[in-house]
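First comes the structure, then the notes that go with it.
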2 protein chains.
Amino acid sequence: LKRVCVDMDEVMADTLAEHLRRYNQAFEEDVTVDDLAGKGLWEITPQDRQKELRAFLDAEDFFEDLPLMPDAQDVLKKLSTQFEIFIATQAMAVPNSLGPKYRWLQRHFPFIPPTHYVFCGDKRILRADYLIDDLPKNLLRFEGQGLLYTAPHNLTATGFVRVNNWQEVAEYFAAIPESS
Amino acid sequence: LKRVCVDMDEVMADTLAEHLRRYNQAFEEDVTVDDLAGKGLWEITPQDRQKELRAFLDAEDFFEDLPLMPDAQDVLKKLSTQFEIFIATQAMAVPNSLGPKYRWLQRHFPFIPPTHYVFCGDKRILRADYLIDDLPKNLLRFEGQGLLYTAPHNLTATGFVRVNNWQEVAEYFAAIPESS
């Protein structure tokens, strides 16, 4: 079976929605996804709020209850019958996320066994045929075929095979012969 | 740089010593490493204690304070100037170990950045040139060159390049040209 690595934040989980929610609540702002086109939340918020922006992520409960990306469950469930799925998430920059990420995966993706979770940093370490990720940096380091999962911060990135949602992920892999 | 993955339990950390200590204390036994020759603790202890054996590992504090393997720090520090070191540990079978393992690595191996920690299950996912591991199963799945780090449970395993201690690890890599 071909091996597919899937990133969590902003690919399986809508991490940005939760980050925006906490930011807007704390500062009584109304920043939306549309305000971000091509940028990260870090780039469009005042310098003196960067510490809080980071503190939201470090909170014990931030990664515990993230909303799901639409169709991620259904599409991954189908893909897991034809491909070997590994979850590969940058968890080491936020050590408090380790336990919550494990529990979130078990709750929402029970068909992927914990043996196939990879909590890592530098994604050059992954030996797989495909990587679905929202960070161009990760795809550039990966030795297999990368798929850039569209997120507000990567809208202007070029030179990648891009998937805009999980339906497009399904279509991409439907066109690949299983044995190839 | 060539990439070297290093397992934690029974390679960097003396996990077995702590497991034995808790077992002996709980059951007022005196099992030693010598009693294990060729076997795991699971195999030489009574069936009705398997649940407790597992519970020791699941305890929140089990992985917090494991003793270091002799020379692991010194040798890895030297190796890290000539090779790219990743820590690759089977953490997913004991989710309570995730946080403690992260903290243990930071405390004892501050020269290895968290970007180079890999908390995983199935080690087929690792893209590296070398893997130092005590489990024959992991080495068989790994696509690069495996080094079996001697532990009581693997004494009878054959067909592997074996290293008996960290001095032998140093000697093995000293014989490898950096650019090869």
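Hydrogens, waters and symmetry mates are skipped; everything else that's a heavy atom, side chains included, is used. Lettering follows sequence order; numbering is per chain, from 1.
When each of A/C5, A/P95, A/A91 is scored by its heavy-atom pairs under 4.5 Å with chain B, the top score falls to A/P95. Ranking A/I125, A/D122, A/I87 against chain B, the residue ahead of the rest is A/I125, based on heavy-atom pairs under 4.5 Å.
Side-chain atoms of B/E43 and B/H153 form no donor-acceptor pair, as typed in the model, at a separation below 3.5 Å. One side chain, A/T150 or A/N164, offers a donor N or O that lies under 3.5 Å from an acceptor on the other.
Both the backbone and the side chain of A/R124 come within less than 4.5 Å of a heavy atom in chain B. At a 4.5 Å heavy-atom cutoff, B/Q90 makes no contact with chain A through either its backbone or its side chain. Proximity to chain B (any heavy atom under 4.5 Å) is shown, for A/Q106, by neither the backbone nor the side chain. In this structure, chain B has a heavy atom under 4.5 Å from the side chain of A/F86, while its backbone stays farther away.
B/T15 has its side chain within reach of B/F63: a pair of non-hydrogen atoms, C-beta onward, lies under 4.5 Å apart.
Annotation: cation-pi pair B/R49/B/F27 present, NZ/CZ under 6.0 Å from the ring centroid and within 45° of its normal.
To the nearest 0.5 Å, atoms CD (B/E10) and OH (B/Y149) are separated by 10.5 Å.
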